Structure formats: C-alpha cells, structure tokens
Visitor: 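Below is one structure. I have some questions about it.
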Amino acid sequence: MQNYLLTLAYDGTNYCGFQVQPNGRSVAQTFQDGLEAVLHSRPDIKGCSRTDAGVHALGFALNFHAETRIPTEKLPLAINQHLPPDIRVLCARVVPEEFHARYAAHTKTYLYRIHNHPIDSPFDEKYYTRVPRRLDADAMQRAAEQFVGKHDFLALCAAGSSAAAHGDTVRTITDCHVTRKGDEVDIEVTADGYLYNMVRILAGTLCEVGAGRMQPDGIPGILASRDRSQAGPTLPAKGLFLKKVDYDL
C-alpha cells in the first residue's frame, strides 16, 4: 500500500467544486470514478482545498492510499484514459505514509484573471472576468502590497464561513502582486490559508482601486475594520484558478 500524491488541472465550469456535494457533480466524484476504473477499488482521496463551483485549477494536489502494479510514472496516463477532457492528471509521486494533501500544504497560490477590455475574447471567455474600463494596474499593485503580511482578513470573508464563526480569521499572505499583459490583468496571491471567497473579494477590492473608487493606501483601514462592507465586490468564480500548492517534500 503506497501513498500517492497527484497533481491535477481542471476546468471547473461544469462542476459544483472539488468536494463531493449533494447538489451536483464534483471534480472529486468524477476523479474517483476514473480512479476506480483503473484500480478496481475506490480509495478515499484527500484534496488540498475545497474549490468553489466554477473555480478552475492549474495545479490541484490530492493524495490517496492504494495498492497497484502500475508504475507511478504511468498512473497519470492510465487514469486520464477514464476521465473527461476537462480534468487531467499531470503527474504522480509516492509520498510518506502520513502525508495529507491539505494539512501538509505549506502555501497555496491562486491566480485571478481579468480581461480588461470592452469586448470578450471568443476563445477563453470562461476563464476570466471582464472589466470594460481600463484599470490602473500600478495603483492595484501598490494596494496589493498592503495585503502582504499576517493580518485579520475578516473584511475579505464572505458570510457563512465556519472559520469566521470560530474567530479563526488571521492568515499570512507572503506574496500578492498584479501584472498587466496587454488587455489581461493578473492578480496572484500566495498565502498559508484562505477564508471563504477571500481571493475573489481581494481581487474585487483591487479592481475598485484600479477603477479609482478606492485608494491604495486605504487597504490597511479596510482590514482593520473587520467589516465585509468596506471591501470590494466578490468577483465571479470563473476568473479564479488554484495555481499551485507548495509542500516541504
């Protein structure tokens, strides 16, 4: 019996999120169906995170314990044959017995994509949020820098968060930056953990700064207020990607 760590990429458009849900088809359920076809058993899988409905992943990590004669390097190809084209296993490796993809995560990096143009792209409209009026990416970057550090992020937390209910709203952001590539504005955030909808609210707040409706130096005051109404809107899920998970392996 080995403990396998797999990295997945998936298009979350047609799923209710990663975690198994009673109200729709999840990435986890679909992946387990494919895994069962390969292993002829259905091992319990541990995901690194619970991505929301419509959120995508470039480097989602999960682990499971299983016994198989398939060489580790061949597992991705074997499983991918039984998955729909919007979910792909990128790589696999054996990790220590006690490894857990969620609890062992050192940091997670999210990417939020904004198409800053009045007209949608005919090719990848499902993978960004469109903001028609030009954003000031330099002002957004100055604001992004204010999020770095250990803070109480309750102001960036949506209602219904179990962490907020328990008063567990302090997180550490180690990097937050904004880059413009033509009409695309990318927001990247790396942290040791996240609150419910935190990245989408952070991105919405940065867009308010980029539009001139908030000032970059107003971020510390927003965080200190611990008041969700002081931050920007929650941007749509379709622009959000879990980019990578870092482990001390």
Side-chain angles (χ1 to χ4, degrees), residues 12-13 51-56 108-161 163-165 169-243:
T13 304
T51 56
D52 292 335
V55 174
H56 315 293
K108 298 172 193 166
T109 299
Y110 279 90
L111 163 69
Y112 199 93
R113 297 183 64 219
I114 296 164
H115 186 57
N116 192 199
H117 195 277
I119 301 169
D120 274 321
S121 161
F123 304 109
D124 60 353
E125 184 272 336
K126 295 187 295 183
Y127 310 115
Y128 62 68
T129 289
R130 181 170 61 86
V131 177
R133 296 186 64 179
R134 188 166 182 86
L135 296 168
D136 183 344
D138 292 335
M140 294 171 70
Q141 173 60 30
R142 293 197 298 274
E145 292 167 2
Q146 306 299 309
F147 287 119
V148 176
K150 186 176 182 179
H151 304 290
D152 186 332
F153 286 100
L154 183 60
L156 304 187
C157 181
S161 164
T169 53
V170 175
R171 299 290 185 272
T172 301
I173 290 181
T174 52
D175 183 58
C176 185
H177 62 270
V178 179
T179 52
R180 175 182 284 281
K181 305 169 188 172
D183 293 326
E184 182 175 315
V185 176
D186 289 346
I187 299 168
E188 276 198 29
V189 189
T190 301
D192 61 356
Y194 298 88
L195 303 175
Y196 184 42
N197 284 350
M198 177 172 157
V199 180
R200 291 163 60 188
I201 297 169
L202 183 151
T205 304
L206 291 181
C207 280
E208 291 295 287
V209 172
R213 292 187 288 269
M214 288 183 179
Q215 296 303 310
D217 58 6
I219 300 303
I222 292 172
L223 296 179
S225 75
R226 304 182 76 244
D227 182 355
R228 170 68 188 90
S229 68
Q230 297 300 304
T234 304
L235 295 189
K238 66 176 186 170
L240 184 61
F241 295 75
L242 175 56
K243 184 176 181 180

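Counting begins at 1 with the first residue of the sequence. Worth saying up front: this structure is predicted, and the values here are computed from it rather than measured.
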Visitor: Evaluate the criterion side-chain contact (heavy atoms from CB on, under 4.5 Å) for residue pair Glu188 and Thr109; output intermediate values, then yes/no.
Guide: CA-CA 7 Å; Glu188 276 198 29; Thr109 299; 3.8 Å; yes
Visitor: Side-chain contact, heavy-atom cut-off 4.5 Å: Asp52 with Leu240?
Guide: no
Visitor: With heavy-atom distances below 4.5 Å as the criterion, would you say the side chains of Leu206 and Gln141 are in contact?
Guide: no
Visitor: Go through Leu195 and Leu156 one step at a time and tell me if the side-chain contact (heavy atoms from CB on, under 4.5 Å) criterion holds.
Guide: CA-CA 8 Å; Leu195 303 175; Leu156 304 187; 6.0 Å; no
Visitor: Just how far is it from atom CE of Met140 to atom CD of Glu208, taken to the nearest 0.5 Å?
Guide: 10.0 Å
Visitor: Quick one: CG on Asp186 to NZ on Lys181, what's the gap to the nearest 0.5 Å?
Guide: 4.5 Å
Visitor: Supply the atom-to-atom distance Arg142 CZ to Asp136 CG, rounded to the nearest 0.5 angstrom.
Guide: 6.0 Å
Visitor: Are side-chain heavy atoms of Thr169 and Phe153 found at a separation under 4.5 Å?
Guide: no
Visitor: Shortest non-hydrogen contact from Val209 to Pro216?
Guide: CG1-CG, 3.8 Å
Visitor: What distance do His56 atom NE2 and Thr13 atom OG1 have between them, rounded to the nearest 0.5 Å?
Guide: 4.5 Å
Visitor: Could you walk me through whether Leu242 and Val55 pass the side-chain contact (heavy atoms from CB on, under 4.5 Å) test, one step at a time?
Guide: CA-CA 8 Å; Leu242 175 56; Val55 174; 5.6 Å; no
Visitor: Taking all non-hydrogen atoms of both residues, which atom of Gln146 and which atom of Leu223 are closest, and how far apart?
Guide: O-CD1, 4.4 Å
Visitor: Answer yes or no: is there a side-chain heavy-atom contact under 4.5 Å between Phe147 and Val189?
Guide: no
Visitor: Can a salt bridge be assigned to the pair Glu125 and Arg130 using a cut-off of 4.0 Å between side-chain N and carboxylate O?
Guide: no
Visitor: Provide the closest heavy-atom pair for Ile201 versus Ala231 in the form atom of the first, atom of the second, distance.
Guide: CG2-CB, 4.0 Å
Visitor: Do Cys207 and Leu135 touch side chain to side chain, with heavy atoms closer than 4.5 Å?
Guide: yes
Visitor: Within the distance-only criterion (no hydrogens, no angle test), does the side chain of Asp183 pair as donor or acceptor with the backbone N or O of His115 below 3.5 angstrom?
Guide: no
Visitor: Going by side chain to side chain contact (heavy atoms under 4.5 Å, CB included), name the residues that satisfy it together with Asp124, two or more places apart in sequence or in a different chain.
Guide: Arg113, Ser121, Tyr127, Tyr128
Visitor: Check whether the side chains of Arg228 and Thr234 place a donor and an acceptor atom closer than 3.5 Å, and report yes or no.
Guide: yes
Visitor: Under a 3.5 Å distance rule, please check whether Arg180 uses its side chain to pair with a backbone N or O of Val185 as donor and acceptor.
Guide: no
Visitor: Nearest 0.5 angstrom please: Asp217 CG to Glu145 CD, how far?
Guide: 12.5 Å
Visitor: Atom CD1 of Ile222 and atom CE of Met214: how far apart are they, to the nearest 0.5 Å?
Guide: 4.5 Å
Visitor: May I ask you to decide if Gly182's main-chain N or O and His117's side chain share a donor-acceptor pair within less than 3.5 Å?
Guide: no
Visitor: Looking at every heavy atom in both Asn197 and Ala158, which two are closest together, and how far apart are they?
Guide: ND2-CB, 3.6 Å
Visitor: Looking at Arg133, I'd like to know if its CZ atom is crowded, meaning that more than 12 non-hydrogen atoms belonging to other residues, nucleotides or ligands lie closer than 6.0 Å.
Guide: no
Visitor: Would you indicate whether the side-chain heavy atoms of Cys176 and Leu202 approach each other to under 4.5 Å?
Guide: yes
Visitor: Are any non-hydrogen side-chain atoms of Lys150 and Asp192 less than 4.5 angstrom apart?
Guide: no
Visitor: So which atom in Asn116 and which in Val131 form the shortest heavy-atom distance, rounded to 0.1 Å?
Guide: ND2-O, 2.8 Å
Visitor: Using a 4.5 Å cut-off on heavy atoms from C-beta on, say whether the side chain of Tyr194 contacts that of Arg171.
Guide: no
